[in-house]
Amino acid sequence: MATPTIILSILLIFGVAICQSEARAFFVFGDSLVDSGNNNYLATTARADSPPYGIDYPTRRATGRFSNGYNIPDIISQQIGSSESPLPYLDPALTGQRLLVGANFASAGIGILNDTGIQFINIIRMPQQLAYFRQYQSRVSGLIGEANTQRLVNQALVLMTLGGNDFVNNYYLVPNSARSRQFSIQDYVPYLITEYRKILMNVYNLGARRVIVTGTGPLGCVPAELAQRSRNGECSPELQRAAGLFNPQLTQMLQGLNSELGSNVFIAANTQQMHTNFINNPQAYGFITSKVACCGQGPYNGLGLCTPLSNLCPNRDVYAFWDPFHPSERANKIIVQQIMSGTTEFMNPMNLSTILAMDSQA
């Protein structure tokens, strides 16, 4: 017969599991803007696991984040009061109670389309990210049971960041690319939106009920594109046009999905506008430049990735871009600030602070 002490211990352990399962988990899907290190475990060239990546991270080590420090999921985790950022799904440390925090499935180089990023060879494309999400739920069910797992997923926050690579590393990667021969840009964008809608419905069918969907940034203004396409520092008109077509159609699609579902499941984050503000007026945000990457080589430090041989700025906080494609940690903090408290110009139909307040009363 079990003693009262043993029974109490079992109840306490069970109680901790239930309590943690009811805390808001956080799941991340997408590309290098939100990858926290999954690609470290893959044979791929799309990696950020060597210095000077991570130079401003607390450990001062490269973690696989395409940043000098924290990336957007890290900063959102801090804002929503999580004890830690969700670990990369491929990280062997993602076991036991740490599973209840959530998981990051993102993989640098991927896009909405499965042929995006083929040059990086072994990356976790969206069908596999979703398969891992199903596998994750099975693993958590073994810890806290199916009903608690379903509640954890339903109550979780989800971040989805896709689309930029479908232009930069697919349509515009080389002149006369396969996709540019197949589609005009006016037809390519609706095709991407249709495919993205399928991905989002899959995420919904897997239980997600609060999904922040970021648009692309101003693709033609990143240092990599300035280095390749700009003569006098002006943004690339083709890539800017692509972003200008994609982002409004993405918001419209999300609004349509919410209408069909009868609930504000999908939240559009206008990251193009967030970036554009500090690209057009960097000094207003404390940056000295939004054209030159902190770490890189060639014009605007925009060629190749950041390596130990690259030029490296001494103060990352005054650069809007860390490397040729990715914002600095400080720029990421500005973006998350808008996600948290931005007006409907930035967050549609509501910002994350409003979502958290609403959900806490539900």
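Keep in mind that this is a model prediction, so the values were computed, not measured. When reading the values below, keep in mind they use all heavy atoms of this one structure, side chains included, and skip hydrogens, waters and symmetry mates. Residue indices begin at 1 and follow the sequence shown.
For the pair Leu159/Pro73, a side-chain contact is recorded, criterion being any heavy-atom separation below 4.5 Å from C-beta on. Counting only heavy atoms from C-beta outward, the side chains of Thr45 and Gln119 never approach each other to under 4.5 Å. With contacts defined as side-chain heavy-atom distances shorter than 4.5 Å, the pair Leu100/Leu152 qualifies. Looking at heavy atoms from C-beta onward, Leu239 lies in side-chain contact with Arg229 at the 4.5 angstrom threshold.
In this structure a side-chain-to-backbone donor-acceptor pair under 3.5 Å is missing from Ser236 to Gly220. Listed for the Tyr300 side chain is a donor-acceptor partner under 3.5 Å among the backbone atoms of Gly233. Side-chain atoms of Asn169 never come within 3.5 Å of backbone atoms of Gly117 as a donor-acceptor pair (strictly under, hydrogens ignored). Side chain of Thr214 to main chain of Ala269: no donor-acceptor pair is present (N/O by atom type, distance under 3.5 Å, no hydrogens or angles). Side chain of Glu234 to main chain of Asn232: a donor-acceptor pair is present (N/O by atom type, distance under 3.5 Å, no hydrogens or angles). Put simply, the side chain of Asn148 gets close to the backbone of Ile144: a donor and an acceptor are under 3.5 Å apart. In this structure a side-chain-to-backbone donor-acceptor pair under 3.5 Å is present from Asn71 to Asp35. Counting only distance, with no hydrogens or angles, the side chain of Asn38 and the backbone of Tyr89 share a donor-acceptor pair below 3.5 Å. Distance alone, capped at 3.5 Å, is enough to place a donor-acceptor pair between the Gln228 side chain and the Ala224 backbone. Judged purely by atom type and a 3.5 angstrom limit, Thr271 uses its side chain to pair as donor or acceptor with the backbone of Gly215.
Applying the side-chain contact (heavy atoms from CB on, under 4.5 Å) rule to Pro299 yields the partners Ala227, Leu303; only residues at least two apart in sequence or on another chain are considered. In terms of the salt bridge (charged side-chain N to carboxylate O under 4.0 Å, His left out) criterion, Arg60 has no residue partners (sequence neighbours excluded). With sequence neighbours excluded, no residue forms a salt bridge (charged side-chain N to carboxylate O under 4.0 Å, His left out) with Asp31. Asn40 is linked by a side-chain contact (heavy atoms from CB on, under 4.5 Å) to Asp49, counting only residues two or more places apart in sequence or in another chain. Applying the side-chain contact (heavy atoms from CB on, under 4.5 Å) criterion to Thr307, with sequence neighbours excluded, gives Gln297, Leu309, Ser310. Remark: Arg179 pairs with Asp115 by the salt bridge (charged side-chain N to carboxylate O under 4.0 Å, His left out) rule, at least two apart or across chains. Residues satisfying the salt bridge (charged side-chain N to carboxylate O under 4.0 Å, His left out) test with Lys333, not counting sequence neighbours, are Glu329.
Pairing each heavy atom of Asp166 with each of Thr116, the nearest pair is OD1-OG1, 2.7 Å. Contact detail for Tyr319 and Val292: the closest heavy-atom pair is CD2-O, 3.3 Å. Nearest approach of Leu42 to Ile123, heavy atoms of both residues: CD1-CA, 4.0 Å. Residues Phe29 and Val34 approach most closely at O-CG2, 3.8 Å, considering heavy atoms. The two atoms that bring Pro52 and Pro308 nearest to each other are CD-N, 3.9 Å, heavy atoms only. Here the shortest heavy-atom pairing between Ala103 and Pro86 reads N-CB, 3.5 Å.
For residues 148-250, the set of pairs meeting the disulfide (SG to SG under 2.5 Å) definition, not counting sequence neighbours, comprises Cys221-Cys235.
Taking hydrophobic clusters as Ile, Leu, Val, Met, Phe, Trp and Tyr residues chained together by side-chain heavy-atom distances below 4.5 Å, Leu192 does not share a cluster with Leu173. A single hydrophobic cluster is not seen to contain both Ile121 and Leu90; linkage of ILVMFWY side chains at heavy-atom distances under 4.5 Å, directly or through other members, places them apart. Put simply, Leu130 and Val211 are part of the same group of oily side chains (I, L, V, M, F, W, Y) that touch within less than 4.5 Å, one to the next. Cluster annotation: Tyr196 is connected to Leu261 through the hydrophobic network of ILVMFWY side chains, with a link wherever side-chain heavy atoms come within less than 4.5 Å. A continuous path of hydrophobic side-chain contacts links Met126 to Tyr188 [ILVMFWY only; heavy atoms under 4.5 Å].
Remark: Gln78 CD is packed, more than 12 non-hydrogen atoms of other residues, nucleotides or ligands lying under 6.0 Å away. In Gln283, the CD atom is crowded: over 12 heavy atoms of neighbouring residues, nucleotides or ligands sit closer than 6.0 Å. No more than 12 heavy-atom neighbours from other residues, nucleotides or ligands sit within 6.0 angstrom of CD1 on Ile118. The 12-atom threshold is exceeded at CD of Gln182, counting heavy atoms of other residues, nucleotides or ligands nearer than 6.0 Å.
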Using a 3.5 Å cut-off and no angle test, enumerate the donor-acceptor pairs between side-chain atoms of residues 105-112 and protein atoms at least two apart in sequence or in another chain.
residue	atom	partner	partner atom	Å
Ser107	OG	Asn39	OD1	2.6
Ser107	OG	Ile124	N	2.9

Distance-only donor-acceptor hits, side chain of residues 347-359, under 3.5 Å, sequence neighbours excluded:
residue	atom	partner	partner atom	Å
Asn348	OD1	Gln255	NE2	3.3
Asn351	OD1	Ser353	N	3.2
Asn351	OD1	Thr354	N	2.9
Asn351	OD1	Thr354	OG1	2.9
Asn351	ND2	Ser341	O	3.4
Asn351	ND2	Gly342	O	3.1
Ser353	OG	Met340	O	2.7
Asp359	OD1	Arg210	NE	3.3
Asp359	OD1	Arg210	NH2	2.9
Asp359	OD2	Arg24	NH1	3.3
Asp359	OD2	Arg24	NH2	2.7
Asp359	OD2	Arg210	NE	3.1

Would you be so kind as to tabulate the donor-acceptor pairs closer than 3.5 Å made by side chains of residues 197-208, with sequence neighbours excluded?
residue	atom	partner	partner atom	Å
Arg197	NH2	Glu260	OE1	2.9
Arg197	NH2	Glu260	OE2	2.6
Lys198	NZ	Glu195	OE2	2.9
Asn202	ND2	Lys198	O	3.4
Asn205	ND2	Met201	O	3.2

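Between Tyr57 and Tyr70, a ring centre-to-centre spacing shorter than 6.0 Å is recorded. Residues Tyr171 and Phe183 keep their aromatic ring centres 6.0 Å or farther apart.
Aromatic ring orientation, Phe27 versus Tyr136: perpendicular (interplanar angle above 60°, classes split at 30° and 60°).
For the side chain to side chain donor-acceptor pair (under 3.5 Å) criterion with Asp74, the lone passing option out of Ser36, Ser85, Ser82, Ser67 is Ser85.
If you check the side chains of Asn247 and Thr216, you find a donor sitting under 3.5 Å from an acceptor. No side-chain N or O of Arg330 forms a donor-acceptor pair with one of Ser328 less than 3.5 Å apart.
Leu99 contributes atom CG, which lies 4.5 Å from atom CZ of Arg139 (distance to the nearest 0.5 angstrom).
Side-chain contacts under 4.5 Å among hydrophobic residues (ILVMFWY), followed directly or transitively, place Leu305 together with Tyr53, Ile55, Phe66, Leu312, Trp322.
With 2.5 angstrom as the limit on SG-SG distance, Cys295 and Cys313 do not come in below it.
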